[in-house]
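Small disclaimer: the values here were computed from a predicted structure and weren't measured. Numbers here simply count residues along the sequence, with the first being 1.
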Amino acid sequence: MVFKRLLGSLGVGGPTVDTVLDPGAARPGGTLSGRVHLVGGTADHHVEHVALELVARVETEHREHDGGSGGEGDEGEGVVVFDRHTVGGAFRLAAGEETSLPFTVTLPWETPVTELYGQPLGIVLGVRTELAVAGARDRGDLDPLAVAPLPAQEAVLEALGGLGFGFRSADLEYGRIGGTGQRLPFYQEIELTPPPRYAHQVDEIELTFLAVPGALEVVLEADKRGGPFSDGHDGHGGHDALSRFTVPHEGPAGPHDWSALVDGWVQELVEHRASYGSHAVYGHESGVGAAVLAGAAGIAGGMVAAEVVDEVGDFFEGDSDDGEG
């Protein structure tokens with residue numbers, strides 16, 4: 001993936017930047033590598049720094065998981081910078097000189113997942129390069145960033161697919177989930193349709209991953225409009241129940257496999273409403289089988305590829321100096 005931009009704020013004849021990311025999807029907590037290629041303009045320039053910003057398209061709404069509520073018409077979206085790395089600086093770039101800056105940066109553990117088995121989920125992330133020269137700063141065009149799930153995240157999604165849950169949509173919500181270790185100013189929400197065994201109890205389940213180096217926190221929220229849940233309002237006349245679980249990256253301990261573990265989470269969420277919001281910590285032994293459940297691929301199958309391409313195009317063709325929340 002490449003972008004090339006004449007730095008407008010430096011005037012005609014200024015340096016050009018060409019940022020190339022290494023091929024393949026990155027992973028939360030993993031590394032992102034590539035090179036920033038610079039070509040000098042018609043005059044010598046002193047480069048103060050070269051920086052990379054990780055940005056996300058985020059939806060905003062006046063709604064909180066810990067009891068807040070919001071009315072309809074309160075939604076919007078914007079671009080949020082969620083990480084920044086300086087990859088070079090304090091050097092002289094002669095007129096017409098070509099130079100290349102290799103970089104390897106670490107992604108935040110809570111970096112949203114943009115794809116599953118190569119299928120896009122509709123989440124839009126990007127890498128933006130900033131070049132500061134002689135007191136002037138210019139940000140280049142956005143380069144799309146692909147992020148695949150961690151093995152534990154993929155295992156949870158596989159288990160949900162095997163249990164009959166279907167993918168509805170995914171987005172990034174600005175705000176924080178109360179009672180969690182969330183660090184970024186937004187969180188990813190994956191909306192799933194329930195299988196028949198749960199359809200009379202919930203209309204949908206919303207899934208959020210909050211990863212840290214040693215474990216994965218999984219937040220499940222059951223949406224039942226007009227249902228009996230009493231904590232948390234969804235802003236549409238119904239109520240949400242929320243449960244939080246923590247599991248090590250290597251999987252559940254003992255005889256449980258991922259499918260049994262996740263099924264237990266869902267049952268606790270929808271059947272034991274009095275105890276939802278409890279925090280369950282599971283052991284450190286993996287019980288994951290090597291086979292991929294047949295239903296897992298269907299999680300991402302509901303996305304219409306053309307719609308995702310349109311969304312990405314609209315986002316990256318827009319003004320790169322949008323508000324950053």
[X] side chain near [Y] side chain, heavy-atom distance below 4.5 Å:
X	Y	value
Trp109	Val212	no
Leu220	Leu207	yes
Leu172	Arg57	no
Leu163	Ser259	yes
Val58	Tyr187	no
Val17	Leu38	yes
Phe167	Gln119	no
Thr114	Pro144	no

For the pair Glu158 and Val262, evaluate side chain to side chain contact (heavy atoms under 4.5 Å, CB included) and give the outcome as yes or no after the intermediate values.
-> CA-CA 10 Å; Glu158 287 179 2; Val262 173; over 6 Å; no

[X] versus [Y], closest heavy-atom pair with distance:
X	Y	value
Val87	Phe103	CG1-CB, 3.7 Å
Thr86	His49	CG2-CB, 4.2 Å
Leu101	Gly88	CD1-CA, 4.2 Å
His249	Ala211	CE1-CB, 4.3 Å
Asp44	Ala94	OD1-CA, 3.3 Å
Val39	Gly96	CG1-O, 4.5 Å

For Leu269 and Val202, what are the C-alpha separation, side-chain angles and deciding distance, and is it a side chain to side chain contact (heavy atoms under 4.5 Å, CB included)?
-> CA-CA 10 Å; Leu269 178 68; Val202 295; 6.0 Å; no

If we ignore hydrogens and angles and just use 3.5 Å, is the side chain of [X] paired with the main-chain N or O of [Y] as donor and acceptor?
X	Y	result
Gln182	Leu184	yes
Glu191	Glu204	no
Thr106	Thr31	no

Give me the one residue out of Val105, Leu32, Leu107, Thr104 that meets side-chain contact (heavy atoms from CB on, under 4.5 Å) with His85.
-> Val105

[atom1]/[X] to [atom2]/[Y] distance, rounded to the nearest 0.5 angstrom?
X	Y	atom1	atom2	answer
Leu145	Leu125	CG	CG	5.5 Å
Arg27	Gln153	CZ	CD	9.0 Å
Glu206	Glu173	CD	CD	8.0 Å
Leu52	Glu130	CG	CD	10.0 Å
Leu157	Leu192	CG	CG	7.5 Å
Arg183	Thr180	CZ	OG1	10.5 Å

Ring pair (Phe, Tyr, Trp, His ring centres under 6.0 Å) with Phe186: which residues, sequence neighbours excluded?
->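 Partners of Phe186 by the ring pair (Phe, Tyr, Trp, His ring centres under 6.0 Å) criterion, ordered by chain and then number, come out as Phe82.
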
Salt bridge (charged side-chain N to carboxylate O under 4.0 Å, His left out): which pairs involve residues 97-125, sequence neighbours left out?
-> none

Verify the cluster assignment for Leu160 and Leu150: are they in a single hydrophobic cluster under the rule of side-chain heavy atoms below 4.5 Å apart?
->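 Hydrophobic grouping puts Leu160 apart from Leu150.
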
Please lay out, stage by stage, how Gln267 and Tyr198 fare under the test side chain to side chain contact (heavy atoms under 4.5 Å, CB included).
-> CA-CA 9 Å; Gln267 289 183 38; Tyr198 294 122; 3.1 Å; yes

Could you walk me through whether Val127 and Leu54 pass the side chain to side chain contact (heavy atoms under 4.5 Å, CB included) test, one step at a time?
-> CA-CA 5 Å; Val127 178; Leu54 304 184; 3.9 Å; yes

Whether over 12 other heavy atoms sit under 6.0 Å from Arg84 CZ | yes

